[in-house]
Amino acid sequence: MATIFIGITVICYAVAILLWLRFRSYRYLLVLIAGHCTIVAEPILQRFYSLTYPAEVAALSIFGNAVPIYSLLAASWIGALPVLLMYFGQQQQWWTRHYLTGLVAYIALVLYHIIVQGLAARTGLWRYSQSVGAWGINFYLLMAILAGLSSLLLFYAMVATRYYAAEIAVPTLLAATVLSPLVCFGVLGAPFWLPRLIGSSSNFTKPALVVIAGLVLWVVHLASAGIHASRQQHVIER
C-alpha cells in the first residue's frame with residue numbers, strides 16, 4: 001500500500017505539470033508542493049490523537065516525531081486530490097458556484113476521507129489508539145470529518161481566488177493548504193483532545209462530539225456561503 005501511495009504522488013505531480021503546460025495554471029502544482037508542508041500538523045496528530053505508524057518502515061524525524069517517508073510524500077495529495085479535481089471541474093464549468101455546491105462538496109470530501117482512513121486501518125499504514133467512542137461512533141469517522149473540513153477550506157480558497165492576481169493568490173493558497181489542517185485538527189478538534197491535555201482519562205465524550213459537530217457545521221456553512229458569494233467577485237488583472 002505504501003508503494004501505491006508513492007505511485008499516486010508521482011502521477012499527481014505529472015498531471016499537475018501537464019495542466020500547467022496546457023492551461024498555464026500554476027495552482028495545481030503549487031497546492032501539491034505546499035501539501036508537503038502540512039506535515040507541520042504531525043505533532044498535533046501524534047500527541048493529541050494518538051496517531052502511530054508501523055515501527056519497521058523507513059521514516060524521517062520531523063519536529064521530533066518519526067514520520068514514514070510514504071506519509072511525507074502522500075501529504076502533498078492525500079487531502080488535496082479531490083479538491084484539485086473539483087477545482088478542475090469548476091474551471092471546465094461542470095458545476096456552478098452555489099451554496100449547495102459547498103454542501104455537496106463537503107459530503108463528497110468526507111466520503112473520500114472515510115475511504116482513505118478505512119484503507120489505512122486495514123493495511124496498517126497508520127493507527128489511532130482509540131477505535132470507538134461515544135454513541136458508538138468510529139474514531140476514524142471523526143478523523144474523516146475533520147479531514148474533509150480541511151479539504152473544504154482549501155477548496156473554498158481555490159475557488160475564491162480563481163481570478164486573483166498571482167501576488168494575492170499564491171500566498172493565500174499556500175496559507176490555506178498549510179493552515180487548514182492546523183485549524184481543523186488543532187482548533188476545531190480541541191473539544192476532543194483538550195480533556196486529555198489537562199489529564200482527563202476520557203476525552204471521546206458526548207459533549208465533545210456535540211461541540212465538534214456544531215463547529216464543523218458552522219465552518220461548512222461559512223465556506224459554502226463564501227463559495228456562493230464568490231460568484232459576485234470582480235476579476236483582478238493578472
Side-chain angles (χ1 to χ4, degrees), residues 5 8-39 41 73-116 144-184 216 219-238:
F5 270 38
I8 295 175
T9 305
V10 174
I11 293 173
C12 286
Y13 269 100
V15 173
I17 292 173
L18 289 175
L19 291 173
W20 185 13
L21 297 175
R22 173 65 178 83
F23 297 104
R24 299 299 179 185
S25 178
Y26 59 85
R27 294 166 179 265
Y28 303 97
L29 188 59
L30 175 68
V31 169
L32 288 178
I33 295 174
H36 293 293
C37 298
T38 59
I39 210 70
L73 293 176
S76 67
W77 61 266
I78 200 164
L81 180 57
V83 173
L84 297 178
L85 292 174
M86 291 176 181
Y87 178 70
F88 180 79
Q90 196 271 326
Q91 282 193 311
Q92 302 302 311
Q93 298 183 345
W94 294 345
W95 52 268
T96 59
R97 287 174 286 178
H98 193 273
Y99 184 88
L100 185 61
T101 301
L103 299 180
V104 174
Y106 178 64
I107 294 173
L109 290 168
V110 170
L111 292 175
Y112 161 80
H113 282 287
I114 288 175
I115 294 173
V116 171
I145 289 173
L146 294 177
L149 190 63
S150 175
S151 295
L152 179 66
L153 293 177
L154 175 59
F155 178 53
Y156 164 67
M158 294 196 71
V159 171
T161 62
R162 178 183 177 185
Y163 296 117
Y164 282 20
E167 293 81 359
I168 301 176
V170 169
T172 301
L173 291 176
L174 289 175
T177 304
V178 177
L179 296 180
S180 58
L182 295 175
V183 170
C184 293
V216 168
V219 175
V220 170
H221 162 69
L222 293 178
S224 300
I227 292 172
H228 183 84
S230 68
R231 298 191 304 174
Q232 307 299 325
Q233 69 185 176
H234 297 288
V235 176
I236 300 178
E237 292 292 338
R238 292 183 179 272

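Residue numbers run from 1 in the order of the sequence given.
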Checking T101 side chain against R97 main chain: does a donor-acceptor pair fall under 3.5 Å?
no

Roughly how far, to the nearest 0.5 Å, is the OH atom of Y156 from the OG1 atom of T161?
9.5 Å

Is any side-chain heavy atom of L73 closer than 4.5 Å to a side-chain heavy atom of V10?
no

Check for a donor-acceptor pair, side chain of S224 on one end and backbone N or O of H221 on the other, with a separation under 3.5 Å.
no

The reported gap from CE in M158 to CZ in F88 (rounded to nearest 0.5 angstrom) is 12.0 Å

For V31, does its backbone N or O pair with a side-chain atom of T177 as donor and acceptor, under 3.5 Å?
no

Quick check for you: to the nearest 0.5 Å, what is the distance between I114 atom CD1 and I145 atom CD1?
7.0 Å

Any donor-acceptor pair under 3.5 Å linking the side chain of R27 with the backbone of L84?
no

Any heavy-atom pair between the side chains of R162 and Q90 that's under 4.5 Å?
yes

Stepwise, does the side-chain contact (heavy atoms from CB on, under 4.5 Å) test hold for V220 with V216?
CA-CA 6 Å; V220 170; V216 168; 4.2 Å; yes

Smallest separation among heavy atoms of C12 and L81, with atom names
SG-CD1, 3.9 Å

S25 versus L19: any side-chain heavy-atom pair under 4.5 Å?
no

Below 6.0 angstrom between ring centroids: does that apply to W77 and Y13?
no

Any idea which heavy atoms bring G102 and L152 closest together, and the distance?
O-CD1, 3.8 Å

Quick one: closest heavy-atom pair of A108 and M86, and the distance?
CB-CE, 3.9 Å

Look at atom CD of Q93 and say whether more than 12 heavy atoms of other residues, nucleotides or ligands are closer to it than 6.0 Å.
no

Closest approach of S150 and P181, non-hydrogen atoms and distance?
OG-N, 3.3 Å

Give me the atom names and distance for the closest heavy-atom approach of Y99 to A225.
CD1-N, 3.6 Å

How long is the gap from CG on L149 to CG on L153, to the nearest 0.5 Å?
5.0 Å

Under a 4.5 Å cut-off applied to non-hydrogen side-chain atoms, are V170 and L174 in contact?
yes

Nearest 0.5 Å, what's the OH-CD1 distance between Y163 and I168?
15.5 Å

Strictly distance-based, threshold 3.5 Å: is any side-chain N or O of Y106 a donor or acceptor partner for the main-chain N or O of S151?
no

Here the gap from S76 atom OG to I39 atom CD1, rounded to the nearest 0.5 Å, amounts to 10.5 Å

Report yes or no: does Y112 contribute a side-chain atom to a donor-acceptor pair with the main-chain N or O of I78 at less than 3.5 Å?
yes

Between T9 and F5, is there a donor-acceptor pair closer than 3.5 Å when you use the side chain of the first and the backbone of the second?
yes

